[in-house]
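Excluded from the calculations below are hydrogen atoms, water molecules and symmetry mates; all remaining heavy atoms, backbone and side chain alike, are included. Below, chain A is the first sequence line, B the second, and so on; all start at residue 1.
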Amino acid sequence: MSVTSRNLQLYNSLSGKKEKFEPLHENNVGMYVCGPTLYSEPHMGNMRTFINFDLIYRYLLHLGFNVKYVRNITDAGHITNSAGHEEDSIGKAARLEQMQSLEIVYKYNVKFQELQRIYNLLPPSIEPTATGHIQEQIEIIEQILNNGYGYAVNGSVYFDTKKYMQDFNYGILSGRKVDELENETRNLNAQDEKRFFADFALWKKANPDDMQIWRSPWGNGNPGWHIECTAMSTKYLGKHFDIHGGGMDLKFPHHEDEIAQSCGSFGCNPAKYWMHANMLNVNGQKMSKSFGNYFLPKEIIEGTTNLFKKAYPANVLRFFMMQAHYRSTLDFTETALDAAEKGFSRLTDGLNLIEKLNTAENSSFDVQSIVSSFYEAMNDDFNAPILIANLFDAVKQINLINDGNATINKADKDLLETEMKSFVFNVLGLEIASSNNDSKLKPVMELVLDLRQQARTNKDWTTSDKIRDGLAAAGIVVKDGKEGTTWS
RNA sequence: GGUCUCAUGGCCGAGCGGCUAGGCACCGGUCUGCAAAACCGUCUACAGCAGUUCGAAUCUGCUUGAGACCUCCA
């Protein structure tokens, strides 16, 4: 779409307000999103975040921006507990599954790539891995040390939060005040190497049983939890880029520490706009491994979770998630999913109908304003729920035209068709599955329905109903419409 | 314990000072041999109590309830 429709407002977590989106470099947008840690298969909650940023990516592309979208893959061990048990999550998973760490990361990456295809995510411009950027991470740590915002102890390196706070605002994103944090801190480990409780690891000395170890100026070890994102975003997007995104739960400490690392090494906040996608809830609680209320994106489309009775297609799930704003939590419930499934079919029916519509001299409704409403919705901080509501307004008009209760002219019809399809397919990323394309089944069905039609013409209801019931038992639904019988 | 967020009709969810989305369900209708489907129409909600205002779901305060973060987490 033309540059004139670019009146995009987005919510910046940094300011806590909606702001006009003005990219740093005119037509080019740099966007970094924190990707998955591949020590297990991403669950549905993880997918929601990636789907939401896919929506954002797609709409920026739709507006004609040249977007460089970087989403990392964390394949280096996260040290999970700074107070004691020095076990990294990837190493732990590898031990449990008796695999090498790279083997396990590779295994889950294959699954993740498959999920992206199933859920129709556009591939990012690049998906860099943490293990591929150890050298870059080390270099940034060195810069932080040179600038005096870090210190090495015993083979590990920590970020010096106290020193940093003299020059910068630690807590700028999360709104946390360090002196408040101090009071909250539970029992600091006496042997802790950190000078200050709020300091965090940039480099962690290796343990004998670590599965991943790299050499560094401070000895063998592995990178801290936050440095990889700083290294990779800087490498591919520069020291200051447009959008940094991720899940709400990464705001603190992960993103706060990324800002500290960037300021500490380059003197500037890495991103102009920080965007956070909200969580997926099940039973009113955040979907999470530790709560055990999670299911996998594959399970729900295969109908193998015990949370839901039936299976849902990926496009229905995507549609369901698009009906909630990315900054709101969303509850997964069976009735809500069933409602989404029906709603989605209403939308696709309308979309299939539009090309068959007869045109008239004039349009009985304002097509241009409906189309504008699509843009207005998305320009308002990517408000997909409103976009969908507006698409349903269009569907209503399409149905009215189809029933002869409204009219549309040729130019309006072409405009509406183009824009609706563009928003549904390209922006919302929804695909309409055409199920009755089986080349062998099709002639068989034609024959069967022909026989049934004969029976119906002869008022042989017993035979016609027998055919209908038999097909229903085989999972094929027959619908007698005005213009003949269809099946699916 | 600290910080913060949220409470919308039967359900899911937008809206965030006046025009009171949308989907699903329900109910009524059209169509139909029947059924299903499809389509049309109906359905006025904002946790409670005060306050600000000509006017509040939307702003302020309090109460109650739920959740998130503070520890790996999308």
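Residue contacts for A:E341: at a heavy-atom cut-off of 4.0 Å it reaches no nucleic acid atom on any strand shown. When heavy atoms are screened at a 4.0 angstrom cut-off, A:G45 is found touching base atoms of the nucleic acid. In this structure, A:M279 reaches the bases: a heavy-atom distance under 4.0 Å links it to at least one base atom across the strands shown.
Remark: P of B:C69 and CG of A:D257 are 16 Å apart, rounded to the nearest angstrom. Spacing between atom CG of A:D249 and atom P of B:U71 amounts to 14 Å, rounded to whole angstrom units. Between the CG atom of A:D54 and the P atom of B:A74 there is a distance of 18 Å, given to the nearest Å. For A:H254 and B:C73, the NE2 to C1' distance is 11 Å, given to the nearest whole Å. Atoms CZ (A:R452) and P (B:C34) sit 13 Å apart, rounded to a whole Å. Rounded to whole Å, atom C1' of B:A25 lies 11 Å from atom CG of A:D338. Taking atom CG of A:N278 as the reference point, atom P of B:C69 lies 10 Å away to the nearest angstrom. Rounded to whole angstrom, the span from the CD atom of A:Q453 across to the C1' atom of B:G33 amounts to 12 Å.
Taking A:V448 as the reference, A:V444, A:I467, A:L471 meet the side chain to side chain contact (heavy atoms under 4.5 Å, CB included) condition, with sequence neighbours excluded. For the ring pair (Phe, Tyr, Trp, His ring centres under 6.0 Å) test, residues two or more places apart in sequence or in another chain that qualify with A:W274 are A:H244, A:H255. Residues passing the ring pair (Phe, Tyr, Trp, His ring centres under 6.0 Å) test with A:F374, sequence neighbours excluded: A:F423.
Side-chain proximity of A:L400 to the nucleotides B:G2, B:C40, B:C73 is greatest for B:C40. Residue A:N46 has its side chain nearest to B:A74 when only B:C69, B:A74, B:A68 are considered.
Remark: the separation of the P atoms in B:G17 and B:C4 is 23 Å, to the nearest Å. The separation of B:U58 from B:A50, taken at their P atoms, amounts to 14 Å, rounded to a whole angstrom. Look at the P atom in both B:A45 and B:U20: the space between them is 13 Å, to the nearest Å. For B:C26 and B:C69, the C1' atoms lie 41 Å apart once the distance is rounded to whole Å. Distance check on atom C1': B:C11 versus B:C46 gives 16 Å, rounded to whole Å. With both ends at atom C1', the span from B:C59 to B:U53 equals 9 Å, rounded to whole Å. Straight-line distance between the C1' atoms of B:C6 and B:G15: roughly 15 Å, to the nearest whole Å. Taking the P atom of each, B:U52 and B:C16 are spaced 25 Å apart, rounded to whole Å.
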Set out, line by line, the N/O atom pairs under 3.5 Å between protein and nucleotides 56-58 of chain B.
none

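For the pair A:D381 (side chain) and A:N383 (backbone), a donor-acceptor distance under 3.5 Å is absent. Remark: the backbone N or O of A:N278 is not paired with any side-chain donor or acceptor of A:T329 at under 3.5 angstrom.
With respect to A:D338 and A:K342, no salt bridge is recorded, no charged nitrogen being found less than 4.0 Å from a carboxylate O. The pair A:E114-A:K298 meets the salt-bridge criterion, with a side-chain N (NZ, NE, NH1 or NH2) lying under 4.0 Å from an Asp/Glu carboxylate O. With salt bridges taken as basic N to acidic carboxylate O contacts below 4.0 Å, none links A:D393 and A:K396. Looking at A:K421 and A:E417, a side-chain N of the basic residue comes within less than 4.0 Å of a carboxylate O on the acidic one, giving a salt bridge.
Nearest-nucleotide mapping onto RNA chain B: of A:Q397 and A:P36, the residue sitting toward the 5' end is A:Q397. For A:S345 and A:K286, each mapped to the nucleotide of RNA chain B holding its nearest heavy atom, the one lying further toward the 5' end belongs to A:S345.
Between A:F295 and A:F332, the ring centre distance stays below 6.0 Å. Not less than 6.0 angstrom separates the ring centroid of A:Y11 from the ring centroid of A:H325.
Shortest non-hydrogen contact noted between A:G35 and A:R71 is CA-CG, 3.7 Å.
In terms of polar N and O atoms assigned as donor or acceptor, the side chain of A:R468 never comes within less than 3.5 Å of the base of B:A36 in a complementary pairing. Between the side chain of A:N458 and the base of B:G33, no donor-acceptor pair of N or O atoms lies under 3.5 Å. Residue A:D480 places a side-chain atom within donor-acceptor reach of the base of B:A35, judged by atom type and a 3.5 Å distance cut-off alone.
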Per-nucleotide protein contact along nucleotides 10-23 of chain B, 5' to 3', at a 4.0 Å heavy-atom cut-off (B base, S sugar-phosphate only, - neither), is -SSSSS-----BSB

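B:G33 has A:W461 stacked on its base ring, the centres lying under 5.5 angstrom apart and the planes within 30 degrees of parallel.
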Verdict with supporting geometry, A:E193 and A:Y158, side chain to side chain donor-acceptor pair (under 3.5 Å)
CA-CA 9 Å; A:E193 298 166 335; A:Y158 295 95; 2.7 Å; yes

Does the ring pair (Phe, Tyr, Trp, His ring centres under 6.0 Å) test come out yes or no for A:F50 and A:F112, once each step is laid out?
CA-CA 11 Å; A:F50 302 137; A:F112 181 54; 5.6 Å; yes

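Stem analysis of RNA chain B (at least three stacked-register Watson-Crick or G-U pairs, each with both distances under 3.5 Å) gives B:1-7 with B:64-70, B:10-12 with B:22-24, B:27-30 with B:38-41, B:47-51 with B:59-63.
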